[in-house]
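A note on names: the letters A, B, ... follow the listed sequences, proteins ahead of strands, and every chain is numbered from 1. Remember, predicted model here, so these are calculated numbers, not experimental data.
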Amino acid sequence: MDEARAPYLKVENVTKKFGDFTAIKDICLEVFESEFVCFLGPSGCGKTTLLRAIAGLDIQTSGRIEQAGRDISNLPPTERDFGIVFQSYALFPNLTVFKNVAYGLENRKTSKADITARVNELLQLVGMPDQGPKYPAQLSGGEQQRVALARALATSPGLLLLDEPLSALDAKVRLRLRHEIKELQHKLGVTTIMVTHDQEEALTMADRIVVMNKGVIDQVGTPLEIYRRPASPFVADFIGAMNFLSAVAGGDGTVRIHGMELSAIEGADGLDEGAAVTLCLRPEDIVTRGVESGAPNAFEATVADLEFLGSFYRASLTAKGVENTRFQADFSVNLVRDLGIEAGKSLTVAFPADRIRVFAGT
Amino acid sequence: MTDGPQALVIEAPLVKPKVGREDWVMRAGLAVIGVYLLVAVVFPLYTILSKSFQDSRGLFVGLDNYAEYFATPALFYSINNSLTISVVSMVITVGLAFGYAYGLTRSCMPGKGVFKAIALIPILAPSLLPAISLRYLFGAQGMIKGLLMGETIYGPIGIVIGEVFWTFPHALLIIFTALSLSDARLYEAAEALGASKLRTFFTVTLPGAKYGLISACFVVFTLVITDFGVPKVIGGGYNVLAVDIYKQVVGQQNFQMGAVVGLVLLAPALLAFVADRMIQGKQVALLSARAVPYEPRPDRRFDLAMLAFCGTVAFIIIGILGVAQFAALVKFWPYNLSLALDSYQFDLMDGGSWGAFWNSLKLAAWTAVIGTAVIFTGAYLVEKSKGFERGRGLIQLMCMIPLAVPGIVLGLAYIFFFNAVGNPLGFIYHTLIILVLCTVTHFYTVSHLTAVTALKQMDAEFEAVSSSLKVPFYRTFIRVTVPVCMPAILDISIYLFVNAMTTVSAVIFLYSADTQLASVAVLNMDDAGDTAPAAAMGMMIVYTSATVRLLHFLLTRGIARRTQAWRKR
């Protein structure tokens, strides 16, 4: 991101309490113009609360929100500038698709002809021309969500809020709509915030992901950053598959797993020797082709189990002579065939130092 | 406080949400509803409470009135009588209604639609009507008085029969719903496990309908203990609480004692109400969205048995109504059985007039129109507004009170409150306005709950969407909420209309010479000995309610057809 630009949306120290329960705590965040940001986290992490505070639907208990240079902290939703799409679509069932999309336009002194033109343009945009006279109940879930999107965009809001827009749809429609929403957002350049609990959705759609847990932000970053360099064990676990191994810091950027030493690990430098740490490594980062014994971080391991997952195999491995180390590695179908990998077989595997993350504590 | 790190924590300043124009509109609406409920429910009830602690000059006398009440056997025996007939009527009604509903839901007997329609007819009649029929059937010159084997119909027997007739549809509707909701998969499981029919009945059917049965018991109990019409006409010397209030106020002009009896009557009604609310709260968890509806299979013997049972009950219902109609058309029972329309010359009767009938129509129409508008809008504001939590909670509580207050107590409370010297609203006393106000209030709770149920089924985000589109909420209310909830709105209006036509208890103290009502005319003509015209007027009420119900049915069907395209498939 171009940090020199002023942020379009600024969230400062926002806290929301429901009675004694603190739903979000001291949230600070900046969103830039035309950016697509995802709030990602498990249910109850506060992501929807934050979205509703930004919309003014449930105004925060304390903290400040600024949009396009204007302090909107205490404004009711009608005085803010946003469009919103909900998981339930919330289409007005007694109005046609056309009337639904026109709903926000009719109230602002736009001429009939202009409204018609604008609605048709929007329906075209979401790939539903000619569907105007239908009622929402006559449409599929995916189509209804497109109408909801068109309705939210009709008044050309500066900010588009999407609250789990794809969660109620079945898998295939979801994949298609994911792509379409992203494309539309890119085309229109509208600043967008989407709430989701689906990591794949966040990884594929977002310019930046805000990972939330228990009411606070754990990490903000591009999908690649979040995936490659998770800032906490929670993020590491929540996104993608991850091996967690208990280890102790050995000093000088090394860690030891039950006596086996691994070297040159980022994040292990500042740790006291002997401190308990957790070592994280993704299954797909474990290498075995062309690894010779004696190579850095290489060791002998036995295949305990091999699970076929279609495009690849996920192997459960144990390090030879080291107790309680079971970890998983993803091997391509080719690799399994070439090396004749099967349950019970021994392999030499390596943990590439630049892919290992180390966190203090266990 | 020690100098711990907490000492350094500075509380962030709280955000004070700006109150927009719409918030003001919403708050104003809530305030109007709140004031309405205060004036129509809370203040009158407070007045009746304070009256019960005063003597006839309005001086505070503590519990003296209550002491006098419990020292007068003629008065407090009524408690026992009221409880007795309520419990007996409850057991009989719920038993019969269960059998009837069982036939409708679990057998393949023919004519289910007709049987259901017949069973609901008593709702359309004032409770006075079955009592009048019973006179013709079992009175001194009754058609079949031999069946009583020497017992008199004037007393507990008559009251119980009349109450069972009148409360039957209420119990049936609840139990029918409970039995319809049962899950076919449970029956399949019972069958697969080899359970006998009897065992299945006791382990699947009864537990499934448990809450419905309990709820029906409370409803019938409350209806009977608070009913005034049946015991007034056929109670004879058997005193019950509701009639005692009437006698104290109208007969002896002893308003303080009337207030005391009213509060004594309020106690069991309130208890039943609270118990029912608590039990209904539990029921929600029992329903499963994935339940498969039960489809009965033909079983010749069982179907015939159910047909015989339902046929008998239906015959009795039709019979009781038929007798009333017959009595209205006969010249002079039992001496001259030729038919004539003499009994419809209401203007010639003591205590009745065609004007009373037109007044009732006016009352019913205004109650339906104003009541529906106020109650639905009120429910919408309470359900969908934001913030203002405590005020909304209070309004919700006030919405529930009328269900627990017997009509006759409400009516008496209205005398005390609106007739009080210095009440600026005193001008509505003796007008149609106070009758409309009282009737809307009397039937507020059920209507409110119907509205809330319909509103809860709407998408919770409609208001959020419309505010994001900068469309004010009241526009969305008119354009979306009202059309979507139209079936419920029509249900509320018909409920209010029919009840306004049939009610006696709430309005008996409030009508004036200019605002006589049909149901009150039934009572007064019966009191004056004009029993046949009373029956005729009672049947006029039945026909009017039935016609409006039919119109409602046609209208609902028409709307359902027209809106088929967007209502859920």
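No side-chain heavy atom of B/F462 sits less than 4.5 Å from a side-chain heavy atom of B/F473. When side chains are defined from C-beta on, A/R64 does not count as touching A/V14, because their heavy atoms never get closer than 4.5 Å.
A/R151 touches chain B through backbone and side chain together, each having a heavy atom under 4.5 Å away. No part of B/T481 comes within reach of chain A, as not one of its non-hydrogen atoms sits under 4.5 angstrom from that chain. Only the backbone of A/L91 comes within contact range of chain B, judged by heavy atoms closer than 4.5 Å. Interface remark: A/I84 contributes backbone and side-chain atoms alike to the contact with chain B (heavy atom separation under 4.5 Å). In this structure, chain B has a heavy atom under 4.5 Å from the side chain of A/F86, while its backbone stays farther away. For A/L95, the part lying under 4.5 angstrom from a heavy atom of chain B is the side chain only.
Not counting sequence neighbours, B/K470 has no partner by the salt bridge (Lys or Arg N to Asp or Glu O under 4.0 Å) test. Under the salt bridge (Lys or Arg N to Asp or Glu O under 4.0 Å) criterion, A/E33 pairs with no residue, sequence neighbours left out.
The choice from A/L161, A/T78, A/N94 that makes the most heavy-atom pairs within less than 4.5 Å of chain B is A/N94. Counting heavy-atom pairs closer than 4.5 Å to chain A, the top-ranked of the candidates B/V15, B/D459, B/V19, B/T563 is B/V15. Interface check for chain A: of the options B/E463, B/R21, B/R479, B/M458, the most heavy-atom pairs under 4.5 Å are formed by B/R479.
A/Y103 and B/T476 share a donor-acceptor pair across their side chains, judged by distance under 3.5 Å alone.
The distance from the CD1 atom of B/I494 to the CD1 atom of B/I489 is 14.5 Å, given to the nearest 0.5 Å.
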Dump the intermediate steps for side-chain contact (heavy atoms from CB on, under 4.5 Å) on A/E164 and A/K47, then the final yes or no.
CA-CA 10 Å; A/E164 305 244 8; A/K47 55 193 190 298; 3.6 Å; yes
